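Just so it is clear, the model here is predicted, and its values are computed rather than measured. Values reported hereafter were calculated over all heavy atoms of this structure, with side chains retained and with hydrogens, waters and symmetry mates removed.
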Amino acid sequence: MLKRTISIGFACLLACACAREQDHREAERYIIESERAWAESVATGDSSVVERILADDFVGVDPKGRVYDKSKMVSDTREAPKYFVSNHANEIKVRFYGEAAVAQGDETWERRTGDPLRGRFVWTDTWVKRNGEWQIVAAEDLIAPEKPVEQ
């Protein structure tokens, strides 16, 4: 009887681990797709993705060290096509910590005017799963050289 109980317990642990892994794969796909859509919105002005993925209590820090909230980002996204020709996400990595995830990546952009005309953002976004939905609660962006410096 003890052997059967141990076997059932082990099977339950495996099933839970597999379900958690599947949940993380789905969440990772959602997060990466959302990060890519957010990057593209800079050139399109489509603020719907920002409204969907940023939590109401979101706080971000821009490359100049200024703090901004969700409403500022929605407004800035609508105006961004005046300044940006394109903005594309490159590599994005996601790590999970229970009901939280950290997404790190970079994106390359091209502006209509200004110096430099081309550049790259490197960023870290903190995602939290609330009420079954993944949303960004914090973000920090840096301006980096267009091509990563090799170490």
Using residues 131-139 as the side-chain source, report each donor-acceptor pair under 3.5 Å to any protein atom, sequence neighbours left out, with the distance given to one decimal.
from: Q135; atom 1: NE2; to: R52; atom 2: O; distance (Å): 3.2

Working for side-chain contact (heavy atoms from CB on, under 4.5 Å), residues L142 and W123
CA-CA 6 Å; L142 303 170; W123 48 262; over 6 Å; no
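- At least one side-chain heavy atom of E79 sits less than 4.5 Å from a side-chain heavy atom of K82.
- Scanning both residues, T44 and P81, for their nearest heavy atoms gives C-CG, 3.5 Å.
- The two residues S86 and A43 make their nearest non-hydrogen contact at CA-CB, 3.7 Å.
- In the hydrophobic clustering of ILVMFWY residues, with side-chain heavy atoms under 4.5 Å counting as a link, I32 and F96 come out together.
- Ring-plane geometry between F84 and F121 is classed as tilted, the angle between the planes lying from 30 to 60 degrees on a 0 to 90 degree scale.
- Side-chain atoms of W109 and V42, non-hydrogen and from C-beta on, never get closer than 4.5 Å to each other.
- Remark: S75 OG to K70 NZ distance equals 14.0 Å, nearest 0.5 Å.
- Applying the side chain to side chain donor-acceptor pair (under 3.5 Å) criterion to E35, with sequence neighbours excluded, gives W127.
- Among residues two or more places apart in sequence or in another chain, the salt bridge (Lys or Arg N to Asp or Glu O under 4.0 Å) test is passed with K72 by D76.
- A continuous path of hydrophobic side-chain contacts links V74 to V49 [ILVMFWY only; heavy atoms under 4.5 Å].
- In the hydrophobic clustering of ILVMFWY residues, with side-chain heavy atoms under 4.5 Å counting as a link, L54 and Y68 come out together.
- Between D57 and R130 a salt bridge is recorded (basic side-chain N to carboxylate O distance below 4.0 Å).
- With a 4.5 Å cut-off on side-chain heavy atoms, N90 and T108 count as touching.
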Would you sort out whether V102 and T124 count as a side-chain contact (heavy atoms from CB on, under 4.5 Å), showing the intermediate values?
CA-CA 7 Å; V102 174; T124 301; 3.7 Å; yes
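- The shortest non-hydrogen separation linking A101 to I31 is CB-CD1, 4.0 Å.
- Side chains of D56 and F58 form no contact here, defined as non-hydrogen atoms less than 4.5 Å apart.
- A heavy-atom distance below 4.5 Å is found between the side chains of Q104 and R95.
- Side-chain atoms of R120 come within 3.5 Å of backbone N or O of P145 as a donor-acceptor pair.
- Screening V122, D141, I92, N87 against E107 for a side-chain contact (heavy atoms from CB on, under 4.5 Å) leaves a single residue, N87.
- Here the side chains of Y30 and I53 are in contact, with some heavy-atom distance below 4.5 Å.
- For the residue pair R78 / S47, a side-chain donor-acceptor distance below 3.5 Å is found, with atom types taken as modelled.
- E28 and R25 are not joined by a salt bridge, as no carboxylate oxygen comes within less than 4.0 angstrom of a charged side-chain nitrogen.
- Residues V61 and I143 fall into different hydrophobic clusters, defined by Ile, Leu, Val, Met, Phe, Trp and Tyr side chains chained together at heavy-atom separations under 4.5 Å.
- Minimum interatomic distance between S41 and D46 (heavy atoms only, all atoms of both residues): CB-O, 3.2 Å.
- Under the 3.5 Å distance criterion, the side-chain polar atoms of R36 are matched with a main-chain donor or acceptor of A89.
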